[in-house]
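Only a predicted model underlies this, so the values are computations on that prediction, with no experimental measurement involved. Quick note: numbers below take in every heavy atom, side chains included, and nothing from hydrogens, waters or symmetry partners.
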Amino acid sequence: NKELFLDYGEAWEKAWKEHTRQFYQRQQADKNNNNTSSSYAAAETWNHRMAPLRTVQEQQDDPYPDNILIRCKKKIVNEMYLQRIRKDPTKKLFKISDKGMPCKIIKRYTANKRDLYYVEFTILERRALRKSVPRNAIQFVDVYYSTDIHLKDAF
């Protein structure tokens, strides 16, 4: 039951208080102006939103933020794997180190009250298309050096 007290000094304390004050002022100004463009959401936040994924066409009018990319589970190249994962749409397929492969959402449709997707990806320098890809085989990942620690407001 011992505590460790770190004293960073008066200069650090002053800088922290100023950062906090300015941060909350900017946050309040954004809220008052209904400005959501400066609000940051990590890829993991987007993964938890269970809204339908936007197709390439929809993204022209309503793009995803610049800090995220869409990735597909690499194993979807195997049709037997794809058939197996369609049976359990709630199963988490991506491990923390699995960033998947780049893919594009070409089409979205609903079957059995679930959104399924046509996705396009490149394998061995050839374009490939998979249909009936469940949402749990698609994820958002953060663009390198775009996480919250790299934001201009980070302290």
Identify each donor-acceptor pair in which a side-chain atom of residues 100-111 lies under 3.5 Å from a protein atom, sequence neighbours left out, and give them as a table.
residue	atom	partner	partner atom	Å
R108	NH1	L53	O	2.5
R108	NH1	E58	OE1	2.9
R108	NH2	E58	OE2	2.7
Y109	OH	S132	OG	2.5
T110	OG1	D115	OD1	3.1

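Atom CZ of R49 has more than 12 heavy atoms from other residues, nucleotides or ligands within 6.0 Å. The local environment of CD in E10 is sparse, with at most 12 non-hydrogen atoms from other residues, nucleotides or ligands closer than 6.0 Å. Heavy atoms from other residues, nucleotides or ligands lying under 6.0 Å from CZ of R21 number more than 12. Around CG of L6, the count of heavy atoms belonging to other residues, nucleotides or ligands within 6.0 Å exceeds 12.
Annotation: side chain to side chain contact (heavy atoms under 4.5 Å, CB included) contacts of N67 (sequence neighbours excluded): Y40, P65, D142, S146. Considering only residues two or more places apart in sequence or on other chains, A15 meets the side chain to side chain contact (heavy atoms under 4.5 Å, CB included) condition with F155.
Applying the salt bridge (charged side-chain N to carboxylate O under 4.0 Å, His left out) test between E79 and each of R84, K131, R86 identifies R86 as the sole match.
Between L116 and P134, the shortest heavy-atom distance links the atoms CD2-CA, 3.8 Å. For the pair I76 and R130, the tightest heavy-atom approach, listed with the atom from each and the gap, is O-NE, 3.0 Å. Nearest heavy atom pair, residue N136 against residue D88, reads ND2-O, 3.3 Å.
One hydrophobic cluster, built from ILVMFWY side chains closer than 4.5 Å, holds both Y117 and W46.
Inter-residue side-chain proximity for Y118 and V133 is flagged as unmet; no heavy-atom pair is nearer than 4.5 Å.
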